[in-house]
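What follows is a short report on a single structure.
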Amino acid sequence: MTRPDARPPDPGTWLLDRLDTREQALTRQIEQTQTDIDSLTARLSELSQEAEHLRISRKTLLSLAEADPAPAEPDAPTLVGFDHPDYQQILTVFSETRGSLRARDLALAMDLPLTPTGIRAKLKRLTSRGILIETEPGLFTQP
């Protein structure tokens with residue numbers, strides 16, 4: 001029942017109101033989707049840049065590996081004042097054995113006679129310069 005002072009709703013106005021409501025909802029969805037797209041585009045750009053940095057790093061590492069395939073051996077300590085080749089030979093033997101040696105063992109490794117007094121003196125000189133250390137009496141090693 002309709003009241004005498006109330007008129008039935010106009011079908012044209014009702015339809016226009018529904019269209020306006022739907023248009024406003026779609027506009028909000030478009031704005032939200034555009035915000036999502038902008039956010040995803042920024043994230044995609046960040047990820048692409050990070051991937052590019054990794055590619056550059058890989059390329060650099062591979063080119064360095066090709067340029068110098070073997071790692072460089074560390075230089076032997078400079079022996080200022082130790083001009084005799086025995087000192088270089090002593091350090092070479094120590095670097096190859098990677099352990100402690102006695103003068104007798106060093107003389108055998110260097111194919112010298114088993115009178116290690118000369119070798120022992122050289123070992124003591126190297127110890128006094130900090131090139132070798134004597135862990136216990138007569139036992140020498142690199143620091």
Considering only residues two or more places apart or on different chains, which pairs with a residue in residues 12-33 satisfy salt bridge (Lys or Arg N to Asp or Glu O under 4.0 Å)?
none
Nearest 0.5 angstrom please: K124 NZ to R129 CZ, how far?
15.5 Å
Side-chain contact test, heavy atoms from C-beta onward, threshold under 4.5 Å: evaluate it for L132 versus T141 and give yes or no.
no
For the pair E134 and R120, find out whether any cationic side-chain nitrogen is under 4.0 Å from an anionic carboxylate oxygen.
no
Between I119 and L91, is there a shared hydrophobic cluster once you connect ILVMFWY residues whose side-chain heavy atoms come closer than 4.5 Å?
yes
List for me each residue that meets salt bridge (Lys or Arg N to Asp or Glu O under 4.0 Å) alongside E96, sequence neighbours excluded, and say none if there are none.
none
Between T33 and Q29, is there a donor-acceptor pair closer than 3.5 Å when you use the side chain of the first and the backbone of the second?
yes
Heavy-atom distance under 4.5 Å between the side chains of I133 and Q142, does that happen here?
no
Hey, what do you get for CG (L123) to CG (L139), rounding to the nearest 0.5 Å?
10.5 Å
Does any pair with a residue in residues 33-62 pass salt bridge (Lys or Arg N to Asp or Glu O under 4.0 Å), and if so which ones, sequence neighbours excluded?
R43-E46, E52-R55
Interatomic distance, T35 atom OG1 to L40 atom CG [nearest 0.5 angstrom]:
11.0 Å
Counting C-beta onward and ignoring hydrogens, is there a side-chain heavy-atom pair between F140 and L126 closer than 4.5 Å?
no
